[in-house]
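Right, one structure below, let's go through it.
These numbers were taken from a predicted model, which means no experiment stands behind them. One is the number of the first residue; the rest follow in order along the sequence.
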Amino acid sequence: MLPLSDNLFLIPSASAGEGKTKGMAKGLSLCHQDKAFAGESAGFGLPVLKTADNQTIFPSLVSSKVLTPGTFEAVYHLNLITAWQIFGVPAPSYFRDFMEKIVSLYMNRPGFQQPGLQIRNAIFKLFHIRSTMKPGKSFGYCRVLYQTEGLRLEINVKGEALPDGGQLILLNEVPGTDFSRMIMRTASGRDIRDGSDFLPWQACTIDTAIENPDLHIGFFLSIPDNPDSPSVQIAAGREVGRDLNWAGLALETDQTAVTYHVNFYNQNPM
């Protein structure tokens, strides 16, 4: 357990995963008092690889250990791919490629995302479409060091060389049913999106916050003030549907080593 405050802490997720993330390793899960925010979400500081041909490579856990009361280390193997089933029968390999293209199209068209999610849920239900993780080609390892200091979690990632055109994505997620609000700073103040107005995927500023509006618990990212810090892109998203229940912030970079902070709060930070 890594403490954040008197009632907030982080734990290594012991969950086998739910829905889409079943069988996948996870990052640290946020807990408030006796409630763990885990479920289908990926947790905090989970590395995922996006290849140049839009293939998504998920991690399996190699090892993990507590180094000090506020420090935790995990080693992830980037070697899992999504396997699909239709009516309980394994789908052909080209179906996975087709789904990757659909996801890419969906992510780049914000206006279509909410109706697209509803259509997806209906089709998945009709054809009993499910996804699981299975071992594939190895794309190397990532060592992730997690350290807490007050309400801040520092995440230090060191990975192996990325394939040409590849991007390392660090997921920071909680359940979307609990964290249904996005708060983004704008030139005129704040842009607050609740529920269905919180899109499944959109580019955002690094100080964008994800919040539980009932408990007023939230988090946002930051990069240490360092001239050697890599260039990053940030996206926010939320999906609640069939085999989906997550909300969070993704940090994307073409570097294999990156340090960033997850800043938690118990009141509105802006």
List the atom pairs, donor and acceptor, that lie under 3.5 Å between side-chain atoms in residues 148-165 and the rest of the protein, sequence neighbours left out.
{"residue": "Thr148", "atom": "OG1", "partner": "Pro3", "partner atom": "O", "Å": "3.2"}
{"residue": "Glu154", "atom": "OE1", "partner": "His261", "partner atom": "NE2", "Å": "3.1"}
{"residue": "Asn156", "atom": "ND2", "partner": "Thr259", "partner atom": "OG1", "Å": "2.8"}

Looking only at heavy atoms, the pair that brings Asn212 and Phe179 closest together is N-CD2, 3.3 Å

Shortest non-hydrogen contact between Ala236 and Met182, atoms and distance: CB-SD, 3.8 Å

Mind listing the closest non-hydrogen atom pair of Gly140 and His77 along with its distance? O-CD2, 3.3 Å

For Phe220 against Ala209, the heavy-atom pair lying closest together: CB-CA, 4.0 Å

Using a 4.5 Å cut-off on heavy atoms from C-beta on, say whether the side chain of Leu46 contacts that of Leu170. no

Using the ring of each side chain (for Trp, its six-membered ring), is Phe44 parallel, tilted or perpendicular to Phe264, with breaks at 30° and 60°? perpendicular

Could you tell me whether the side chain of Met133 reaches within less than 4.5 Å of the side chain of Ile81, counting heavy atoms only? no

Say whether, by atom type as modelled, one donor and one acceptor occur between the side chain of Asn172 and the main chain of Gly45 under 3.5 angstrom. yes

Does some side-chain heavy atom of Gln202 sit less than 4.5 Å from a side-chain heavy atom of Met184? yes

Evaluate the side-chain proximity of Asp178 to Lys35: yes if any heavy-atom separation is below 4.5 Å, no if none is. yes

Given the rule that I, L, V, M, F, W and Y join up when any side-chain heavy atoms are under 4.5 Å apart, are Val75 and Leu80 in one cluster? no

Is any side-chain heavy atom of Tyr141 less than 4.5 Å from a side-chain heavy atom of Val62? yes

I'd like to know whether Met24 forms a side-chain contact (heavy atoms from CB on, under 4.5 Å) with Ser60, so could you lay out the CA-CA distance, the side-chain angles of the two residues, the decisive distance to 0.1 Å, and finally the verdict. CA-CA 6 Å; Met24 182 184 79; Ser60 56; over 6 Å; no

Could you give me the CA-CA distance, side-chain angles and deciding distance for His32 and Ile217, then say whether side-chain contact (heavy atoms from CB on, under 4.5 Å) is met? CA-CA 9 Å; His32 174 252; Ile217 296 169; 3.4 Å; yes

Could you state the interatomic distance from CG (Leu4) to CZ (Phe9), rounded to the nearest 0.5 Å? 9.5 Å

Sole residue of Asn79, Leu78, Ile169 in side chain to side chain contact (heavy atoms under 4.5 Å, CB included) with Ile57: Leu78

Mind checking whether Leu171 and Val48 have side chains closer than 4.5 Å, heavy atoms only? yes

So, do Arg181 and Ile192 sit near enough that their side-chain heavy atoms are less than 4.5 Å apart? yes

Quick check for you: to the nearest 0.5 Å, what is the distance between Tyr260 atom OH and Ile234 atom CD1? 9.0 Å

Is a side-chain N or O of Lys26 found less than 3.5 angstrom from the main chain of Ser41, in a donor-acceptor match? yes

What heavy-atom pair brings Asn245 and Gly176 nearest, and what distance separates the two atoms? OD1-N, 2.9 Å

By salt bridge (Lys or Arg N to Asp or Glu O under 4.0 Å), Asp53 pairs with (sequence neighbours left out) none

Side-chain donor/acceptor of Asp254 to backbone N/O of Gln167, under 3.5 Å: no

Can you tell me how far SG of Cys31 sits from CG of Asn7, rounded to the nearest 0.5 angstrom? 11.5 Å

So which heavy atom on Ala247 is nearest to which on Phe198, and how close? CB-CE1, 4.3 Å

With side-chain contact (heavy atoms from CB on, under 4.5 Å) as the test, would you mind laying out the steps for Leu221 and Val262 before giving the verdict? CA-CA 5 Å; Leu221 307 183; Val262 184; 3.8 Å; yes

Quick one: does Thr253's side chain have a donor or acceptor within less than 3.5 Å of a partner on Ser231's backbone? yes

Kindly determine whether Leu30 and Leu10 satisfy side-chain contact (heavy atoms from CB on, under 4.5 Å), including the steps that lead there. CA-CA 5 Å; Leu30 178 64; Leu10 296 158; 4.1 Å; yes

Sorted by chain and residue number, the side-chain hydrogen bond (donor to acceptor under 3.5 Å, both in side chains) partners of Ser196 (sequence neighbours excluded) come out as none

Any donor-acceptor N/O pair, Thr208 side chain to Thr205 backbone, under 3.5 Å: yes

Quick one: sort the Phe72 and Tyr146 rings into parallel, tilted or perpendicular, breaks at 30° and 60°. tilted

Do Ser180 and Pro213 touch side chain to side chain, with heavy atoms closer than 4.5 Å? yes

